[in-house]
Number of protein chains: 2
Amino acid sequence: MRTPKDRGVPGAGGTSTINDVARLAGVSIKTVSRVMNNEPNVRPETRQKVQEAATLLHYRPNLLARSLAGSRSFLIGLFYDNPNAAYITDMQRGVITRAREQGYHLLIEPQDSHAPDLVSKISSLLATIRLDGVILTPPLCDMAVVLHAIEAAGVPYVRVSPFLNPGRSPCVRMDETQAAYEMTRHLIAMGHRDIGFIRGHPEHGGSHQRYEGFVRALRESQIEPRPEWVKQGYFSYESGVEAGRSLFAEKTRPTAVFSSNDYMAFGVMASAQQAGIRIPEDVSITGFDDVPGAMLVWPHVTTIRQPVEALAYAAADILLTRQEGEEGEPAPQAPDRLLPFALIERQSVRRA
Amino acid sequence: MRTPKDRGVPGAGGTSTINDVARLAGVSIKTVSRVMNNEPNVRPETRQKVQEAATLLHYRPNLLARSLAGSRSFLIGLFYDNPNAAYITDMQRGVITRAREQGYHLLIEPQDSHAPDLVSKISSLLATIRLDGVILTPPLCDMAVVLHAIEAAGVPYVRVSPFLNPGRSPCVRMDETQAAYEMTRHLIAMGHRDIGFIRGHPEHGGSHQRYEGFVRALRESQIEPRPEWVKQGYFSYESGVEAGRSLFAEKTRPTAVFSSNDYMAFGVMASAQQAGIRIPEDVSITGFDDVPGAMLVWPHVTTIRQPVEALAYAAADILLTRQEGEEGEPAPQAPDRLLPFALIERQSVRRA
DNA sequence: CTGAAAGCGCTTACAG
DNA sequence: CTGAAAGCGCTTACAG
């Protein structure tokens, strides 16, 4: 008779434990622990003996036990509230790629940023399961209450593309302002001076940065943005349709429209089509993000490629590198990591 | 001086433990455990005392400790190898929705189904972290070696849309054959008799079922499928372009093309456009899946809506319901759950 | 209805 | 270079 969960013979179907390995190798469990964690101060022969025993028994350290006894859980949490499937899967892929290099796993925690109990949910989660780090994307990364809850729980976190509170935590980002600036410069270089703009969701920091880059490029060319050509959108296809309708109903029409993201650009294109406005013959369209759909619509959309997966990888890297580092100070003010974007020219823009 | 990880005063910033609650409530930790797990046999007053103490201390049972001591980890794993972002996020959403109802969390484990060490990776993962259940999607759910590894680890699993080995595990699915059958019937009802077909990736069971439904509907109307109108695709946009080119290069052209998924349908549409073939005037197109892009391309694609999120919810439900159930027998041969699909008519089909 | 003891599988802090 | 002891925060199996 053994414990209720009968593990049977070590290595035979059931899982073997550190005790099984220690016994087989003829050492203490502490030595097995040292070997498994690649700690120094183990005689080479001893190390090998242990490794052989571990291999023989198919031994894998139990993550849960390591977590409870030690100071690491080997779990990273990804918090988000974003309906863009491509963005989410790219983020996940980037984080997992880096996490796996170090034996970490990813817990995904989609959150409703408008839920009244958002903070208590996060606090509760963090108390229930000790995460070694959390990655935050917009708009959660700009919510002070969220940051506060995570800080209160003492969990390290990295923010992706934050807007508010720079310096409050390590961050990864691309230069959204510069990207919008360059896109606008591109339109101007193509001969456009009458350019409309569809703003993104006001709760997303990127929306403001993109607008800022747009205005900066315009003014640099002595063009004043015309308020009637700047429409508010919410990053959704539908909001793009509506913004497009409103824009194309103005007395005079711009020759180009810069949408703060691709989905809205698709909406603008649909509204143009309904109004009998041809793209790019009558009006040029540009987007932002380079989602897969940008190659699906016709004409294909000129846009900015966000390095989402690379941002995610970098965010995980900050978390895990610090983890491995000295216990001491949290690395001398880790500077934000800035990743490059790319302007992708396709068929939705033509010379004015 | 306390332990190295100084938790400070219970409830003040740090996390409180079952001991803190027991002390404050004046009971044993076993009683606290009973209350937290909603077990019977606790006097109402005792229960209340404990609950008050727990609330006061912001007590949350440590998931890792529960896992190690008990038989549950409160962790579900989702294994997949699928590039379709919408499918993945829908799956995740469905699983998480159900999992949260019971305090469970989701670990995502994308896998390369062609990796030579796939099985050892899965075995290793399962030994490292005791999951309470695993959900498998195509093509992983049809790989015998994968099923074997999970069974060897003694972890319950549910398969989504499996093709092979029916009855080997609980499954959730929609009737893919019937869906393809109905789509084909729809085309026939619209006057089409010359119908082409783009097959899906041969490693995905659905590919064969969809083709089978197509052929069945055709034969039922005394139409024999023409081999030169059946092209092999691989579920990707590019493979759709290629299949479309090949199809439209045949001496005679079908009046409709049924693609085994939407992305290939988009590719077929692109190849048609390049060949100067109008949709739906010259040829009707249908897809399968109803990905967001189906509403982005023009004309919008008539397709089959898969209940992905509902399938995921159902899969998690099977896992968690069994979890809660009797320890004894694994529920008398849980029947597969069959979920309804929907045929979505849009603009890519017209009467022949 | 309640609790004391043992133990889950590891790591920590220490001693040698 | 190695190990014995204690403990992480819970649940299990019992006893009363």
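Owing to the predicted nature of the structure, the values given are computational and were not obtained by experimental measurement. In what follows, chains are A, B, ... by sequence order, proteins preceding strands, each numbered from 1. These numbers come from the heavy atoms of this one structure, side chains and all, not from hydrogens, waters or symmetry mates.
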Ion pair present between B:Asp317 and B:Arg98, side-chain N to carboxylate O less than 4.0 angstrom? yes
Rounded to whole angstrom units, what separation is found between the CD1 atom of B:Ile29 and the P atom of C:dA4? 9 Å
With sequence neighbours left out, what residues match B:Arg43 under side-chain contact (heavy atoms from CB on, under 4.5 Å)? B:Glu45, B:Thr46
Give a yes/no answer on whether the side chain of B:Thr17 brings an N or O atom under 4.0 Å of OP1 or OP2 in D:dG9. no
Does anything in residues 36-51 of chain A come within less than 4.0 Å of DNA chain C? Heavy atoms only, and list the residues if so. A:Asn37
Nearest to the side chain of B:Ser28 - D:dC10, C:dG3, C:dC10? C:dG3
For the pair made of CZ in B:Arg66 and P in C:dG9, what is the distance, rounded to whole Å? 18 Å
State, yes or no, whether a side-chain contact exists between A:Glu109 and B:His105 at a heavy-atom distance under 4.5 Å. yes
Nearest whole angstrom, please: distance from the C1' of C:dC8 to the CZ of B:Arg72. 16 Å
Any luck finding a side-chain donor-acceptor pair between A:Ser169 and A:Arg159 under 3.5 Å? yes
Would you kindly give the CZ-to-P distance between A:Arg130 and C:dT11, to the nearest whole Å? 18 Å
Rounding to a whole Å, what distance do you find between A:Arg34:CZ and C:dC10:C1'? 14 Å
Please classify the nucleic acid contact of B:Leu63 as base, sugar-phosphate, or nothing, using heavy-atom distances under 4.0 Å. nothing
Could you list all the salt bridge (Lys or Arg N to Asp or Glu O under 4.0 Å) pairs where at least one residue sits in residues 55-69 of chain B, not counting sequence neighbours? none
For B:Ile18, the side-chain contact (heavy atoms from CB on, under 4.5 Å) test, sequence neighbours excluded, returns B:Ile29, B:Val32, B:Ser33, B:Tyr59
Report yes or no: is there a donor-acceptor pair, N or O only, under 3.5 Å between the side chain of A:Arg60 and the base of C:dG9? no
Quick one: closest heavy-atom pair of A:Ser113 and A:Leu140, and the distance? CB-CD2, 3.8 Å
Between atom CD1 in A:Ile18 and atom P in C:dG9, what is the gap in whole Å? 11 Å
Hits for side-chain contact (heavy atoms from CB on, under 4.5 Å) against A:Ser161, two or more places apart or cross-chain, chain-then-number order -> A:Pro138, A:Glu176, A:Leu311
DNA chain C: stems of at least 3 consecutive Watson-Crick or G-U pairs whose donor-acceptor distances fall under 3.5 Å: C:1-3 with D:14-16, C:5-12 with D:5-12, C:14-16 with D:1-3
Please determine if a side-chain N or O atom of B:Ser33 lies less than 4.0 Å away from the OP1 or OP2 oxygen of D:dT11. yes
Counting only side-chain N and O atoms of B:Ser71, is one of them less than 4.0 Å from OP1 or OP2 of D:dT11? no
Ignoring backbone atoms, establish whether B:Thr31 has a side-chain N or O less than 4.0 Å from OP1 or OP2 of C:dT2. no
Expressed as a whole number of angstroms, how long is the span from B:Lys30:NZ to D:dT11:C1'? 6 Å
Give the rounded distance in Å between these two atoms: CG of B:Leu68 and P of D:dG7. 17 Å
Of B:Leu131, B:Val145, B:Val134, B:Val119, the one forming a side chain to side chain contact (heavy atoms under 4.5 Å, CB included) with B:Ile150 is B:Val134
Classify A:Leu64 by what it touches in the nucleic acid, base, sugar-phosphate, or nothing, heavy-atom distance under 4.0 Å. nothing
Quick one: closest heavy-atom pair of A:Pro162 and A:Cys141, and the distance? CA-SG, 3.7 Å
